[in-house]
Amino acid sequence: MTSPSFTPPTYDDVAAAAHRLQGMAHHTPVLRSTTADEALGAQLFFKCENLQRTGAFKFRGAFNTLAQFTDEQRERGVLAFSAGNHAQAIALSARLLDMPAVIVMPEDAPAAKMAATRQYGAQVVTYNRYTEDREGISRQLALERGMTLVPPFDHPHVIAGQGTAAKELLEDVPDLDYLFVCVGGGGLLAGSLLAAEALAPHCRVVGVEPEAGNDGQQSVRAGHIVQIPTPHTIADGAQTQALGQITFPIIARLADDMVTATDAQLVEALRFFAERMKLVVEPTGALAFAGAQHGSVDVRGKRVGILISGGNVDLSRYARFLAD
């Protein structure tokens with residue numbers, strides 16, 4: 001899904017994305033929790049991207065990418081594939097920039113995410129995530145319709161846009177010792193690493209994946225991209241099979257650690273956010289906190305940033321998580 005003409009993004013691209021997003025993306029709040037601090041013996045700072053436009057950090061990368069389209073690209077429109085958050089982000093960004101959008105989504109994507117994508121004005125094409133190739137379907141459709149394909153993570157403009165969330169956090173809360181970031185395809189982690197390298201070089205950045213889908217952890221350890229079958233996990237935003245050709249080198253070079261969290265730990269984190277912080281967080285959005293709480297990294301006595309990536313979850317499914 002990448003092109004040899006793509007130049008890997010740098011922090012300058014993240015800074016340019018932040019300028020482009022001014023007045024478009026929300027500068028999301030950083031919240032604290034005495035209960036969380038006491039439980040981990042650390043000072044935690046929660047960057048609430050669940051309160052971002054479309055309910056997730058993905059709006060940053062989507063708008064940053066579409067805002068750089070040529071006039072011809074805008075006229076023909078954008079095509080994307082996504083389990084939900086990138087879908088909504090592309091759909092809203094396309095509406096704001098007055099261009100057509102087609103989104104290829106798994107047929108079992110959360111109903112709320114699919115409905116929102118349609119409400120933002122995009123056409124939705126569905127597929128079976130376990131038996132069909134979303135990238136192949138997307139390439140063919142983009143070719144047939146002359147649309148520009150924007151992948152969910154492996155694109156320099158997407159990565160740069162996602163990095164603005166960590167940029168804001170590191171500017172709002174200086175001197176962080178650790179930053180925990182969820183990992184699917186690695187766009188958010190790669191962008192966060194670029195921001196941290198420039199703004200807080202002493203901050204250790206840790207990626208967190210679902211235990212069932214630790215392809216990133218395997219890749220970093222192996223020194224090359226490891227592809228796995230689509231993982232079965234409640235973290236639907238992290239059901240990726242591999243890191244990207246652009247995201248992997250950045251992560252391999254700059255990430256300090258990669259840890260995992262189980263589905264049970266994610267449910268525990270969801271309950272904590274709901275009961276103690278009054279926040280609706282989706283399972284993928286809880287990965288960073290679950291990784292800090294249960295991972296192999298000792299954060300006691302440290303200043304710890306937690307990137308809550310999103311809050312888009314079907315309410316019926318969410319109720320089951322909280323009730324179990």
Worksheet entry | Heavy-atom donor-acceptor pair, Asp314 side chain to Ala111 backbone, under 3.5 Å | yes

Practice prompt. List the atom of Cys48, the atom of Leu279, and the distance in Å for their closest heavy-atom pair.
Written response: SG-CD1, 4.0 Å

Discussion item. Quick one: does any side-chain atom of Asp37 pair with a main-chain N or O of Leu44 as donor and acceptor, under 3.5 Å?
Written reply: yes

Discussion item. Are Thr233 and Gln239 packed together at the side-chain level, in the sense that at least one heavy-atom pair is separated by less than 4.5 angstrom?
Written reply: yes

Item to complete: Answer whether the closest heavy-atom distance between the side chains of Met99 and Val78 falls below 4.5 Å.
Response: yes

Worksheet item: If Ile, Leu, Val, Met, Phe, Trp and Tyr residues are connected whenever their side-chain heavy atoms lie under 4.5 Å apart, and connections chain through other members, are Ile225 and Ile228 in the same group?
Response: no

Discussion item. Using only atom types and a distance under 3.5 Å, with no angle test, would you say the side chain of Arg271 pairs donor to acceptor with the backbone of Leu322?
Written reply: yes

Worksheet item: Do you reckon Val205 sits in the same ILVMFWY cluster as Leu169, going by side-chain contacts under 4.5 Å, direct or chained?
Response: yes

Item to complete: Taking atom CD of Glu72 as the centre, report whether more than 12 heavy atoms of other residues, nucleotides or ligands fall under 6.0 Å from it.
Response: no

Worksheet item: Can you tell me how far CG of Leu66 sits from CG of Asp98, rounded to the nearest 0.5 angstrom?
Response: 12.0 Å

Worksheet item: Which pair of non-hydrogen atoms, one from Ala288 and one from Val208, has the smallest distance, and what is that distance?
Response: CA-CG2, 4.0 Å

Fill in: Cluster overlap Phe153 with Met105, hydrophobic side-chain contacts below 4.5 Å
no

Worksheet item: Any donor and acceptor pair, going by atom type alone, linking the side chain of Thr247 with main-chain N or O of Gly186 inside 3.5 Å?
Response: no

Discussion item. Contact between Thr117 and Gln88 at the side-chain level, heavy atoms closer than 4.5 Å - yes or no?
Written reply: yes

Worksheet item: Is Thr240 reaching over with its side chain to a backbone N or O of Gly184, donor-acceptor style, under 3.5 angstrom?
Response: yes

Worksheet item: Between Val280 and Asn50, is a side-chain contact (heavy atoms from CB on, under 4.5 Å) present by the stated rule, with each step listed?
Response: CA-CA 8 Å; Val280 175; Asn50 56 315; 5.7 Å; no

Worksheet entry | Criterion side-chain contact (heavy atoms from CB on, under 4.5 Å) on Phe69 and Leu97, from CA distance to verdict | CA-CA 10 Å; Phe69 272 22; Leu97 293 165; over 6 Å; no

Item to complete: Side-chain contact test, heavy atoms from C-beta onward, threshold under 4.5 Å: evaluate it for Phe63 versus Leu21 and give yes or no.
Response: yes

Worksheet item: Heavy-atom distance under 4.5 Å between the side chains of His26 and Leu51, does that happen here?
Response: no

Worksheet item: How far apart are the closest heavy atoms of Lys302 and Ala42, and which atoms are they?
Response: O-CB, 3.3 Å

Practice prompt. Mark yes or no: Arg53 above the aromatic ring of Phe59, with NZ or CZ under 6.0 Å from the six-membered ring centre and no more than 45 degrees from the axis.
Written response: yes

Worksheet item: Which residues satisfy the side-chain hydrogen bond (donor to acceptor under 3.5 Å, both in side chains) test with Asp298, sequence neighbours excluded?
Response: Arg300

Worksheet item: Of the options His155, Arg20, His19, which is the one that meets Asn64 in a side chain to side chain donor-acceptor pair (under 3.5 Å)?
Response: Arg20

Item to complete: Would you kindly confirm whether Phe180 and Phe45 end up in one hydrophobic cluster when ILVMFWY residues are joined by side chain heavy atoms under 4.5 Å apart?
Response: no

Item to complete: Check whether any side-chain N or O of Lys58 sits under 3.5 Å from a backbone N or O of Gly84 as a donor-acceptor pair, and report yes or no.
Response: no

Worksheet item: Roughly how far, to the nearest 0.5 Å, is the CD atom of Gln227 from the CD atom of Gln241?
Response: 5.0 Å

Worksheet item: What is the minimum heavy-atom distance between Asn214 and Gln217, and which atoms define it?
Response: ND2-OE1, 2.9 Å

Fill in: Value rounded to 0.5 Å, distance of CG in Leu179 from CD1 in Ile306
8.0 Å

Practice prompt. Kindly indicate whether the side chain of Ser138, heavy atoms from C-beta on, has any atom under 4.5 Å from the side chain of Leu79.
Written response: yes

Discussion item. If you apply the rule ring-ring contact (aromatic ring centres under 6.0 Å, His included), what do you find for Phe273 with Phe46, and how did you get there?
Written reply: CA-CA 10 Å; Phe273 285 129; Phe46 295 90; 5.8 Å; yes

Discussion item. Using a 3.5 Å distance criterion without hydrogens, assess whether the side chain of Gln162 forms a donor-acceptor pair with backbone atoms of Leu188.
Written reply: no

Practice prompt. Give the cluster check for Val297 versus Met258: same hydrophobic cluster or not, with ILVMFWY residues linked at side-chain heavy-atom distances below 4.5 Å.
Written response: no

Practice prompt. Evaluate whether atom CZ of Arg32 has more than 12 neighbouring non-hydrogen atoms of other residues, nucleotides or ligands under 6.0 angstrom away.
Written response: yes

Item to complete: Answer yes or no: is there a side-chain heavy-atom contact under 4.5 Å between Leu270 and Pro283?
Response: yes

Worksheet item: Centroid-to-centroid, His232 to Tyr130, below 6.0 Å?
Response: yes

Worksheet item: Which atom pair, heavy atoms only, marks the closest approach of Leu149 to Pro151?
Response: O-CD, 3.6 Å

Discussion item. Show me the pairs that pass side chain to side chain donor-acceptor pair (under 3.5 Å) and involve residues 191-211, at least two apart or across chains.
Written reply: Glu197-Arg253

Practice prompt. Could you check Thr28 against Phe57 for side-chain contact (heavy atoms from CB on, under 4.5 Å), going step by step and ending with a plain yes or no?
Written response: CA-CA 10 Å; Thr28 51; Phe57 74 95; over 6 Å; no

Discussion item. Tell me if a side-chain donor or acceptor on Asn85 pairs with a main-chain N or O of Gly55 at a distance below 3.5 Å.
Written reply: no

Worksheet item: Can we say Asp236 and Arg129 salt-bridge, meaning some charged N sits less than 4.0 Å from an Asp/Glu carboxylate O?
Response: no

Worksheet item: Do Pro231 and Asp215 come close enough that some side-chain heavy atom pair is under 4.5 Å?
Response: no

Discussion item. To the nearest 0.5 Å, what is the distance between CG on Asp108 and OG1 on Thr126?
Written reply: 10.0 Å

Worksheet item: Can you tell me how far OG1 of Thr35 sits from CE of Met277, rounded to the nearest 0.5 angstrom?
Response: 9.5 Å

Worksheet item: Taking atom CD of Glu107 as the centre, does the number of heavy atoms from other residues, nucleotides or ligands within less than 6.0 Å exceed 12?
Response: yes

Worksheet, complete the sentence: When rounded to the nearest 0.5 Å, the distance separating CG of Leu287 from CG of Leu266 is 5.0 Å

Fill in: Worked verdict on Ile234 versus Arg317 for side-chain contact (heavy atoms from CB on, under 4.5 Å)
CA-CA 10 Å; Ile234 62 171; Arg317 190 170 181 242; 3.8 Å; yes

Fill in: Flag, side chain of Asp177 to backbone of Val299, donor-acceptor distance under 3.5 Å
no

Discussion item. Treating Asp154 as the side-chain partner and Ile246 as the backbone partner, does any N or O pair qualify as donor plus acceptor under 3.5 Å?
Written reply: yes

Worksheet item: Which atom names give the shortest non-hydrogen contact between Arg95 and Tyr120, and what distance separates them?
Response: CD-O, 3.4 Å

Worksheet item: Would you call Asp175 and Arg303 a salt bridge, taking side-chain N to carboxylate O under 4.0 Å as the test?
Response: no

